[in-house]
A.B. asks: 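Below is one structure. I have some questions about it.
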Amino acid sequence: MSASDSNMHSSMSGPSSIPGVGTDSPGPQFYAGPGLKLKGEITGCDTFKAEGDVEGKVTAQHLHLSPTGKFLGTADVQDAAIEGKFDGT
């Protein structure tokens with residue numbers, strides 16, 4: 001399933017709105033903070049949260065793109081909350 005599928009959410013009230021986001025996450029988390037520029041491929045991640053700029057491919061169960069986050073590339077995720085700019089599949 002890609003982030004463009006119908007299971008993608010366009011807004012959320014906070015990180016706890018997505019299962020697995022936060023300190024009680026059962027699996028590995030990756031956080032790209034504000035001002036960070038990341039280019040590459042991320043795999044094996046339960047939760048991927050971006051507040052910075054990300055370009056590449058992300059494979060994760062959950063994707064959270066904050067209002068300051070920008071994503072360019074491919075996201076292979078089960079569900080997503082997109083508040084920032086998403087340009088990809």
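One-based numbering along the sequence shown. None of these values were measured; they are calculated from a predicted model.
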A.B. asks: Any idea which heavy atoms bring Pro28 and Gly44 closest together, and the distance?
C.D. replies: CG-O, 3.4 Å
A.B. asks: Any sub-3.5 Å donor-acceptor pair from Thr68's side-chain atoms to Glu51's backbone N or O?
C.D. replies: yes
A.B. asks: Can you tell me how far the CD atom of Gln61 sits from the CG atom of Asp76, to the nearest 0.5 Å?
C.D. replies: 9.5 Å
A.B. asks: Considering all heavy atoms of both residues, which atom of Val77 and which atom of Ala80 are nearest to each other, and what is their separation?
C.D. replies: CG2-CB, 4.2 Å
A.B. asks: Could you check Leu63 against Ile82 for side-chain contact (heavy atoms from CB on, under 4.5 Å), going step by step and ending with a plain yes or no?
C.D. replies: CA-CA 8 Å; Leu63 171 69; Ile82 308 297; 3.9 Å; yes
A.B. asks: In this structure, which one of Leu38, Val58, Asp46, Thr47 forms a side chain to side chain contact (heavy atoms under 4.5 Å, CB included) with Phe30?
C.D. replies: Leu38
A.B. asks: Can you tell me how far apart CD (Glu55) and CG (Leu72) are? Round to the nearest 0.5 Å.
C.D. replies: 4.5 Å
A.B. asks: Could you walk me through whether His64 and Glu83 satisfy the side-chain contact (heavy atoms from CB on, under 4.5 Å) test, starting with their C-alpha distance in whole Å, then the side-chain angles of each, then the deciding distance to 0.1 Å, before giving a yes or no?
C.D. replies: CA-CA 8 Å; His64 176 208; Glu83 296 178 295; 3.1 Å; yes
A.B. asks: Can you see which heavy atom on Leu65 is nearest to which on Lys70, and at what distance?
C.D. replies: CD1-N, 3.7 Å
